[in-house]
Each structure stands twice: as C-alpha cells, then as structure tokens.
Amino acid sequence: MELGGTAMSLLLLLVLAASPLQQARAVGGGRPRVPAILVFGDSIVDTGNNNAVLTLTKSNFRPYGKDLNGGVPTGRFSNGRIPTDFVASRLGLKDLVPAYLGTDLSDDDLCTGVSFASGGTGYDPLTSTLVAVLPMQEELNMFAEYKERLAGVVGDEAAAAGIVAESLFLVCAGSDDIANNYYLAPVRPLQYDISAYVDFLVEQACDFIRQLYQQGARRIAVLGMPPVGCVPSQRTLAGGLARDCDPARNHAAQLYNSRLKEEVVLLQKELACQRIGYVDIYDVLQDMITNPCKYGFEVSTRGCCGTGDLEVSLLCNQLTAPTCPDDRKYVFWDSFHPTEKAYEIIVDYLFPRYIENLL
C-alpha cells in the first residue's frame, strides 16, 4: 500500500528528528554489530583529542581534513576519515567517531562510542612526555570518567557496564615509541638495546590491556606496528640519499609484533577471554608501499603534503606546504600518516580477517 503525501511527510520528519543511529535503522540500515566503539592510542586513531591539549602535536588546521566535512579540519591526522571512522561504519554505528575531549558530546555520541587517543603518545610514558600529549594512563582515566557519564545517560552503572562489555575496544600505539622516542631521543638507547626496549613496550601494552579488562572491556583489538622504517619521514631521516626503508626501524616493528602476538595469546588464557585479539597491520601497509599500483596508487615514498619528505603536524600547513593535485594517488598524506583512501583499503583488508573474530 502506498503512503499518502501527509503520511510520507510525517515519516520523513520522524527520521530527520531521530539520532544518527536511529536514522540508519529507519532508512534500512541493519542493527549495529556492537553497541559502541571505544578507541585508545596515538595519532592513527586520534579524532581530535589533541585539539584540547597544550601541545604542538596538532592537526586542527588546513590542509588537514581537506576531504572531510567540507574541508573543515577536525584534528584527524589525515586528509579525511581515519581507521577509527571506517571501523565504526563497518560496525553499523556511525561514520565519524568523536573525540572525547573538546567535543560537545551528545547522549548518542556517548552511547555509540568515542576516541580517547592522543596523537604522539605511546606505551612508554616518556614518549608522551617528549611531545606534551596525553599518556596512555590518562586515556584510561578518561575512560573511567566516560563510564560515569554513560551511566548517567543510560540510567545506572549496570546498564553502562553491559554496554562496555559488548563494545569493541580498539588499541593502536607503539609507532611513536620507536620512531620518535627510541631512534630520535637520547634517553632510551642508553638504557635498553632494541630487543630489551621492545620487551619493555610489550610489557606496557599487556599491562594496558589488563587494565582495560579490569575496567570492563571484553572485546579488545590490539594493533601491531606498521613498517615504521618505510614511513616517509623515517626514510628521510635514516634511509640515506636514496631514502630507502630503514631496516633497523622495520626490524624493531617486526620484533615487537611477533612478541606482542605471543603475549596476546597468553593474555587470552590468563584473563579467560578469547575476544582479545592481535591485529597485524604491518603486512598490508608494507604491500601497499612496495606495490602501490596494485592498490591504485602512484606514490608511496612521499606524502601528499609539501615535499612529502618531512612535513607532519605543524609543518604540514596551508601557508608553507601546498598539497599534491590528487591525494588519491598517494599512500601517505603527510610524512607519517596514510591518506583516507589508504586507510579505507587497510580497514577493508583487516576487518574480515581480524575484527570479525572479536564480534
């Protein structure tokens, strides 16, 4: 039976007045796979928390975000959406995950998930101190505060705990520990060789996961490190005149990944929780860098912003760093972070192989 004009108008008004999640269901979207996504880590998954932090590690200015929301920068370290957003979309939750800090969060935002991540942070507390961003422990503190706010929205602590237990937790850190701390700052190399430092990072990562579990998390995706030595800035700093990938940094990332993967298996047994999973991001990004044409890219050794060799954060700005004509031809947006297109390809690859197993 066809709807009359008045009935159709009323239905449209109801859809427009609903929350984004309700809109998706009304227009025919399926039921979300989990109630919320809760994100921790560094600039790969920071959706704008650093906007509210007194640090130079920011991206809330152009040309960052040029392909998102009409070109208004949000604090995401890319030209558009980042992995956090693509995973949320695949889960049927929302297209953009808001930052917990500096954002006027609605009840629906709180119920469907936020990001606590801070660009430039790491598992090593010294890493965040070097660039004046939020340490991972502070992200946990914000999560505890978030749970109190969530309980206020849904009515009681038990209901909030139920949402937390069913939500997907995404944890992404470690790259800054290797790239910006161990290989650039003078302290840690005097205290550890790279093997011992990797062990230290894995220990810190596992402790972080335990604390998440103690706070109610039951579905936790723990991302490994990318090929840090092939990131444009690291090629420039350590790759010689040819700007080759740096084998030392890549070896550190691979060593970390292998040990983290082993420890995650042990954590599953220790915590009696099979829905804690390691996510390997190294191989897919390495393949994109080595074989860019396979994925529709033309440039994989430089970023789109400025020369693409070193520009990141404040150095990637519209006054001194013009962007490439077509960022969809580039794997990297700036000298450290992939483009929106690259991120989407990475999430499309990772989701069925890793994330699905945690749902």
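Criterion: ILVMFWY side-chain heavy atoms under 4.5 Å apart, direct or through other members. Under it, V87 and V171 are not part of a common hydrophobic cluster. Hydrophobic clustering of Ile, Leu, Val, Met, Phe, Trp and Tyr side chains at less than 4.5 Å, counting indirect connections, keeps L358 apart from I220. Clustering ILVMFWY residues whenever any of their side-chain heavy atoms sit less than 4.5 angstrom apart, transitively, puts V34 in the very cluster that holds V347. Taken together through direct or relayed side-chain contacts under 4.5 Å among Ile, Leu, Val, Met, Phe, Trp and Tyr, F86 and L223 form part of one hydrophobic cluster. With hydrophobic clusters built from ILVMFWY side chains whose heavy atoms lie under 4.5 angstrom apart, L314 shares a cluster with F332.
Relative to the ring axis of F351, R90 places its NZ or CZ within 45° and under 6.0 Å from the centre. Cation-pi contact between R249 and Y183: present, with separation from the ring centre below 6.0 Å and deviation from the ring axis of at most 45°. Cation-pi geometry between R353 and Y349 is satisfied (NZ or CZ under 6.0 Å from the ring centre, within 45° of the ring normal).
Using a 4.5 Å cut-off on side-chain heavy atoms (C-beta onward), P226 and S175 make contact. In this structure, the side chains of Y354 and V222 stay at 4.5 Å or more apart for every pair of heavy atoms. Inter-residue side-chain proximity for P32 and L91 is flagged as unmet; no heavy-atom pair is nearer than 4.5 Å. Taking the side chain as every heavy atom from C-beta outward, P338 and Y343 approach each other to under 4.5 Å. For the pair C304 and D334, the minimum side-chain heavy-atom distance is 4.5 Å or more. Looking at N60 and T74, their side chains never come closer than 4.5 Å, going by heavy atoms from C-beta outward. Using a 4.5 Å cut-off on side-chain heavy atoms (C-beta onward), I37 and V97 make contact.
A salt bridge links E270 and R210; the closest N-O separation between the charged side-chain nitrogens and carboxylate oxygens is under 4.0 Å. A salt bridge links E356 to R33: at least one charged side-chain nitrogen sits closer than 4.0 Å to a carboxylate oxygen. By the 4.0 Å N-to-carboxylate-O rule, R302 lies close enough to D309 to be salt-bridged with it. Ionic pairing of K261 and D280 is not present here: no N-O contact between side-chain nitrogen and carboxylate oxygen is shorter than 4.0 angstrom. A salt bridge does not link D246 to R235: none of the charged side-chain nitrogens sits closer than 4.0 Å to a carboxylate oxygen.
Listed by first and then second residue, the salt bridge (Lys or Arg N to Asp or Glu O under 4.0 Å) pairs that reach into residues 131-140 come to none, sequence neighbours excluded.
Two rings, from Y146 and F116, have their centers less than 6.0 Å apart. The aromatic ring centroids of F200 and Y192 lie less than 6.0 Å from each other. Separation of the F143 and F169 ring centroids falls under the 6.0 Å cut-off.
Of the N and O atoms on the side chains of R81 and S89, at least one donor lies less than 3.5 Å from an acceptor on the other residue. A donor-acceptor pair shorter than 3.5 Å can be found between the side chains of D109 and S106. Side-chain polar atoms of E311 and T307 form a donor-acceptor pair below 3.5 angstrom. Between the side chains of Y123 and E203, no donor-acceptor pair of N or O atoms lies under 3.5 Å. Looking at Y182 and D124, their side chains never bring a donor and an acceptor atom within 3.5 Å of each other. Between T320 and N317, the side chains place a donor N or O and an acceptor N or O closer than 3.5 Å (distance only, hydrogens not considered). Side-chain contact check for S78 and R76: no donor-acceptor pair (N or O, by modelled atom type) lies under 3.5 Å. S118 and N50 form a side-chain donor-acceptor contact under 3.5 Å, judged by distance and modelled atom types alone. One side chain, T127 or D177, offers a donor N or O that lies under 3.5 Å from an acceptor on the other. Side-chain atoms of S258 and Q254 form no donor-acceptor pair, as typed in the model, at a separation below 3.5 Å.
Under the ring-ring contact (aromatic ring centres under 6.0 Å, His included) criterion, F336 pairs with no residue, sequence neighbours left out. Listed by chain and number, the residues in a ring-ring contact (aromatic ring centres under 6.0 Å, His included) with F61 are Y64 (sequence neighbours excluded).
A distance below 2.5 Å between sulfur gamma atoms is not met by C305 and C324.
Counting all heavy atoms, side chain and backbone alike, R218 lies closest to A165 at CB-O, 3.5 Å.
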